[in-house]
Each structure stands twice: as structure tokens, then as C-alpha cells.
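Structure record follows, encoded as C-alpha cells.
Heads up: numbering here begins at 1 and tracks the sequence.
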Amino acid sequence: MDNFIKSLPPLATLRPFEAAARLESFSRAADELHLTQAAISRQIRALEEDLGVMLFERRHRRVFLTREGREFGRTVSLALESIATGAQGLRGDPGDKRVVLFCQLCEAFYWLMP
């Protein structure tokens, strides 16, 4: 398990990368995540340094995914989607909101009686 954790890229870089890869724009990714374009750029640069590969080709104020970037983008998107699905399953149905009250029976009797 320890090797698994050590082989992960910095997790804070994955959401900015996924958004930038999907939108093919650091600026639009920044808008979506409520960050600055510079913050997105730094996170992606850190991810590229960690992986040792360029994920984006930067040209004239535009970015284009490299082959490695497209492949890793698909991997990250699927992983984040899986995490989101699992989290939603734990949260339950949004229409199924219940309040659970733990109290003594006598308190419940007085609280629930009209």
C-alpha cells in the first residue's frame, strides 16, 4: 500500500489538470475551478515535473494536449468520475433527506406531541 501512495502524483494537481485537459484552456479551467490562470498553470507544471512528461504543448497563448496528455486525461477523468459516483452513493438520494434525532423517549414524546 505504501508504494501505491508514493506512486500517486500530487492529488491537488489532478482537478486542475482534468479541467484544463477537458476544456483545452488554462483560463477556462481557472474560471470553472474559481482559481487564477497562473494557479492552474503552476499546478499543471508541478504535475508535469512529477510525471517527467509534457502534458500540454504551449503555443501563442493557447495550449494543446500532447499524446501523453490525452491518455492521462482520460485516465484522470475516469478516476475522478468513479470517485464522484462512489461519493454520491454514500450521500444517498438528494430527495431522501432525513433527520435523525437521538434523545430520551420522554423528550421525544414532548417534542413530537402537538
Side-chain angles (χ1 to χ4, degrees):
M1 182 69 162
D2 201 26
N3 288 337
F4 166 72
I5 298 298
K6 290 179 182 177
S7 67
L8 286 172
L11 297 180
T13 65
L14 297 181
R15 283 188 62 211
F17 168 72
E18 188 280 330
R22 180 171 31 86
L23 300 169
E24 291 196 36
S25 168
F26 289 4
S27 296
R28 291 192 330 211
D31 290 342
E32 180 176 295
L33 297 176
H34 306 289
L35 298 170
T36 64
Q37 184 273 336
I40 296 291
S41 183
R42 278 192 303 274
Q43 292 292 346
I44 291 171
R45 177 77 62 203
L47 181 59
E48 289 174 330
E49 288 174 5
D50 180 74
L51 297 174
V53 65
M54 295 298 291
L55 300 170
F56 288 92
E57 182 180 331
R58 294 151 175 89
R59 283 190 268 156
H60 306 291
R61 303 185 73 140
R62 295 210 44 209
V63 294
F64 302 92
L65 283 165
T66 63
R67 182 180 55 79
E68 295 86 357
R70 278 191 303 280
E71 290 173 10
F72 193 60
R74 281 191 290 272
T75 300
V76 171
S77 289
L78 288 172
L80 292 177
E81 185 177 319
S82 178
I83 292 167
T85 300
Q88 188 60 37
L90 291 174
R91 290 184 188 112
D93 180 16
D96 185 26
K97 297 294 180 188
R98 300 179 197 171
V99 175
V100 178
L101 177 65
F102 293 99
C103 63
Q104 297 294 325
L105 181 58
C106 61
E107 292 171 338
F109 177 78
Y110 287 111
W111 186 63
L112 295 173
M113 292 303 293

What pairs of donor and acceptor atoms, side-chain ones from residues 31-41 against any protein atom, are under 3.5 angstrom apart with sequence neighbours left out?
{"unit_1": "Glu32", "atom_1": "OE1", "unit_2": "Arg22", "atom_2": "NH1", "d": "3.2"}
{"unit_1": "Glu32", "atom_1": "OE2", "unit_2": "Arg22", "atom_2": "NH2", "d": "2.6"}
{"unit_1": "Thr36", "atom_1": "OG1", "unit_2": "Ala39", "atom_2": "N", "d": "3.0"}

Original post:
Could you go step by step and tell me if Leu47 and Phe72 meet the side-chain contact (heavy atoms from CB on, under 4.5 Å) rule?
Top reply: CA-CA 11 Å; Leu47 181 59; Phe72 193 60; 4.0 Å; yes
**OP:** Calculate, to the nearest 0.5 Å, the distance between atoms CD and CD belonging to Glu71 and Glu68 respectively.
**Re:** 6.5 Å
Original post:
Is the count of non-hydrogen atoms from other residues, nucleotides or ligands lying under 6.0 Å from Glu81 atom CD greater than 12?
Top reply: no
Original post:
Should Leu65 and Val63 be regarded as members of a common hydrophobic cluster, given that ILVMFWY residues are connected when their side-chain heavy atoms come within less than 4.5 Å of each other, either directly or indirectly?
Top reply: yes
Subject >> Pairs involving residues 46-58, ordered by first then second residue, that meet side-chain hydrogen bond (donor to acceptor under 3.5 Å, both in side chains) (sequence neighbours left out) >> reply: Glu48-Arg58, Glu57-Arg59
Original post:
Which value, rounded to the nearest 0.5 Å, describes the distance between Leu51 atom CG and Thr13 atom OG1?
Top reply: 7.5 Å
Original post:
Same cluster or not: are Val76 and Val53 linked, directly or through other Ile, Leu, Val, Met, Phe, Trp or Tyr residues, by side-chain heavy atoms under 4.5 angstrom apart?
Top reply: yes
Subject >> Atom pair CZ/OG of Arg62 and Ser27 - distance to nearest 0.5 Å >> reply: 11.0 Å
Original post:
Does any N or O in the side chain of Thr66 come within less than 3.5 Å of the main-chain N or O of Leu55, such that one atom is a donor and the other an acceptor?
Top reply: yes
Original post:
For the atom pair CE (Met54) and CZ (Phe56), what is the distance rounded to the nearest 0.5 Å?
Top reply: 10.0 Å
**OP:** Work out which heavy atom in Ser25 is nearest to a heavy atom in Arg28; give both atom names and the distance.
**Re:** OG-N, 3.0 Å
Original post:
What are the two closest non-hydrogen atoms of Ala29 and Ala20, and how far apart are they?
Top reply: CB-N, 3.6 Å
Subject >> Donor-acceptor contact present, side-chain Ser82 to main-chain Leu78, <3.5 Å >> reply: no
Subject >> Distance, nearest 0.5 Å, that separates CG of Leu90 from OG1 of Thr85 >> reply: 11.0 Å
